[in-house]
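The structure appears right after this line, and notes come after that.
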Number of protein chains: 2
Amino acid sequence: MVTRAEAVTRQLREAILGGQYEPGARLSEMALADGMSVSRTPIRAALSVLFTEGLLDYEPNCGYVVRRITLDDAIHIYTVRATLEGLAARLAAEIGLAEAERTRFEAVLAEMERLVAGKAWKAEQMERWGELNIAFHGMICAAAGNGYLASSILRTRTLPVLTERGLKTFFAERAVVWWDRAAYRRSQDDHLDIGEAILARQGTRAETVMREHIERAGRLIHRKLAIGSEAALALP
Amino acid sequence: MVTRAEAVTRQLREAILGGQYEPGARLSEMALADGMSVSRTPIRAALSVLFTEGLLDYEPNCGYVVRRITLDDAIHIYTVRATLEGLAARLAAEIGLAEAERTRFEAVLAEMERLVAGKAWKAEQMERWGELNIAFHGMICAAAGNGYLASSILRTRTLPVLTERGLKTFFAERAVVWWDRAAYRRSQDDHLDIGEAILARQGTRAETVMREHIERAGRLIHRKLAIGSEAALALP
DNA sequence: TCTGTCGTTATTGTGTACAAAAAGGGCAGG
DNA sequence: CCTGCCCTTTTTGTACACAATAACGACAGA
């Protein structure tokens, strides 16, 4: 059986990443305990874990608040993420994909291409593309054969990134994208290049393109948020 | 005032990283509570934090044990660290050092050079060199101006890395090095190159040299540990 | 009216009792 | 003699009570 502390941790993490709490919101132990029908003990354990994970801020005797991440922080995180995913791409290229992986990899790339190139481009297609995109990056991560790297990358994707004035929380996994189709096309071109490089065992090329691919996303987000438009996020 | 939970966390972290517990050792809550003259509550909080940090393994209803990191894990961590410190070096070069930073930076490099080039090379000099080495890498980290990057690098340096058969725990900060002087010379040459590149604002060069610099340390450790010699660690 | 201090109140930190689950040992059966 | 089951024991998980600390507000003095 799973302990209540674990269940609460998962629930709270989902809630925070899902944007159910405003950035800066205080998380009172009693309130949470009442709301979740457990005692304060598992709540405290969960809060301490989420603090260590970087989702909450904490001050002794003052309690926990949902972490407020600035635009600069988001850029910093994207910079690190670009480098790490670049490393993953290089390793994947150097190690090479097994037969089954390769098949699936090519299938994912092909379906993304069909979507982007197709006539229909509605919410349904965008959502599907988002899923495939996550799968694409995930496969490269896995193919790199470095668990520590994988978990480091995961960390860069699960931090709640939020605007300064805008109160919306959003985070990379959700892949809600609100910009024009050309951006998808450009992103997909990168994917094709990266895929080609990996399959051709060209490590440096894969690394370079991947890094630029992610950094572009960071710049896009920065620009969109800086001019105060609605939150826009790529998971490119 | 600092809470007991925080104090216990710090103490326990030090103890684990310092190698006071065998890898795989069970950490009983009651035993720790008795030993530290506090109740189980702060102990539990500390253990949960250290688990989240990756220093401990945990199984519900079974308790915590000191994490056993394999040689492969260590290599993986070093690979990530090499990439991240490379990134830091590049950013530092691109941003440039402020006047005060630059002065201190050059002073550190010069003292390291004096030590390595000097006649005396005993434990005292090695220890001092280790300190300066940490300072050198730390300054680059800080100069990169990316807090997320800095904390990510820190994480790669505080993981307990231990041999499979050998029971010794050792970790990067301690910088205990047991190999010949030539390795220091080589390391210092790298430092000079990196320093030169950063001061000359040559980002790519700084990144490349730094990455190789750290990866060499990883390879050295791998080789030393793989052939079963005494643990040897560079903090290069 | 502003400001500083004091007391109240709410919230967190710690200790401890009890419940629940797993580990270990003893016993019976094969 | 070995194996499997059951009971005991130990250890962890949870709840709750109390202590300690910080936030808030009222009041008095300037």
Side-chain angles (χ1 to χ4, degrees), chain A residues 1-17 20-69 160 167 169, chain B residues 1-17 20-69 160 167 169:
Chain A
M1 182 215 171
V2 61
T3 67
R4 299 180 201 197
E6 289 179 301
V8 168
T9 304
R10 203 168 7 243
Q11 260 182 276
L12 265 180
R13 191 190 289 117
E14 296 282 322
I16 294 169
L17 292 177
Q20 285 185 234
Y21 296 99
E22 302 274 306
R26 275 183 54 77
L27 296 183
S28 155
E29 297 178 359
M30 270 307 275
L32 290 171
D34 288 348
M36 296 176 135
S37 304
V38 293
S39 81
R40 276 175 58 213
T41 308
I43 299 283
R44 284 177 63 81
L47 290 175
S48 122
V49 166
L50 295 176
F51 166 67
T52 308
E53 285 181 0
L55 267 62
L56 302 177
D57 281 331
Y58 166 71
E59 192 110 14
N61 294 307
C62 297
Y64 297 86
V65 299
V66 177
R67 185 167 168 199
R68 183 183 298 276
I69 293 189
L167 326 105
T169 308
Chain B
M1 181 213 173
V2 62
T3 67
R4 299 180 202 199
E6 289 180 300
V8 168
T9 304
R10 200 162 16 236
Q11 261 183 274
L12 265 180
R13 192 190 289 117
E14 296 283 322
I16 294 168
L17 292 176
Q20 287 186 233
Y21 297 100
E22 304 272 305
R26 274 183 56 75
L27 295 183
S28 157
E29 297 178 1
M30 269 310 272
L32 290 171
D34 287 348
M36 297 177 131
S37 304
V38 295
S39 80
R40 278 176 55 214
T41 307
I43 298 284
R44 285 178 62 81
L47 291 175
S48 122
V49 167
L50 296 177
F51 166 67
T52 308
E53 285 181 359
L55 267 62
L56 301 177
D57 281 331
Y58 166 71
E59 190 111 15
N61 295 307
C62 296
Y64 297 86
V65 299
V66 177
R67 186 168 168 200
R68 182 186 298 279
I69 292 188
L167 325 108
T169 307

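Every chain is numbered from 1 and lettered A, B, ... according to where its sequence line falls, protein lines coming before strand lines.
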From CA spacing to verdict: side-chain contact (heavy atoms from CB on, under 4.5 Å), A:Leu55, A:Arg67: CA-CA 6 Å; A:Leu55 267 62; A:Arg67 185 167 168 199; 5.9 Å; no
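- Between B:Leu50 and B:Leu12, the closest side-chain pair of non-hydrogen atoms falls below 4.5 Å.
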Result block: side-chain N/O donor-acceptor pairs under 3.5 angstrom for residues 30-40 of chain B, not counting sequence neighbours:
unit_1: B:Ser39; atom_1: OG; unit_2: B:Thr41; atom_2: N; d: 3.2
unit_1: B:Arg40; atom_1: NE; unit_2: B:Glu29; atom_2: OE1; d: 2.9
unit_1: B:Arg40; atom_1: NH2; unit_2: B:Glu29; atom_2: OE1; d: 2.8

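- End-to-end axis angle for the helix from C:dT1-D:dA30 to C:dG30-D:dC1, using five pairs per end and rounding to 10°, comes out at 10°.
- Contacts of B:Ala45 classified as side chain to side chain contact (heavy atoms under 4.5 Å, CB included), with partners at least two apart in sequence or in another chain: B:Ala5.
- Put simply, CG on A:Leu32 is 13 Å from C1' on C:dT11, counting in whole angstrom units.
- Using a 4.5 Å cut-off on side-chain heavy atoms (C-beta onward), B:Thr3 and B:Val8 make no contact.
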Annotated protein contacts, base or backbone, on nucleotides 8-16 of chain D with a non-hydrogen cut-off under 4.0 Å, one of B, S, - each: ---SBBBBB
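- Every residue two or more places apart in sequence or in another chain that forms a ring pair (Phe, Tyr, Trp, His ring centres under 6.0 Å) with A:Tyr58 is listed here: A:Phe51, A:Tyr64.
- The shortest side-chain heavy-atom distance between A:Val65 and A:Leu27 does not fall under the 4.5 Å cut-off.
- Checked against side chain to side chain contact (heavy atoms under 4.5 Å, CB included), B:Ala15 has the following partners two or more places apart in sequence or in another chain: B:Gln20, B:Tyr21.
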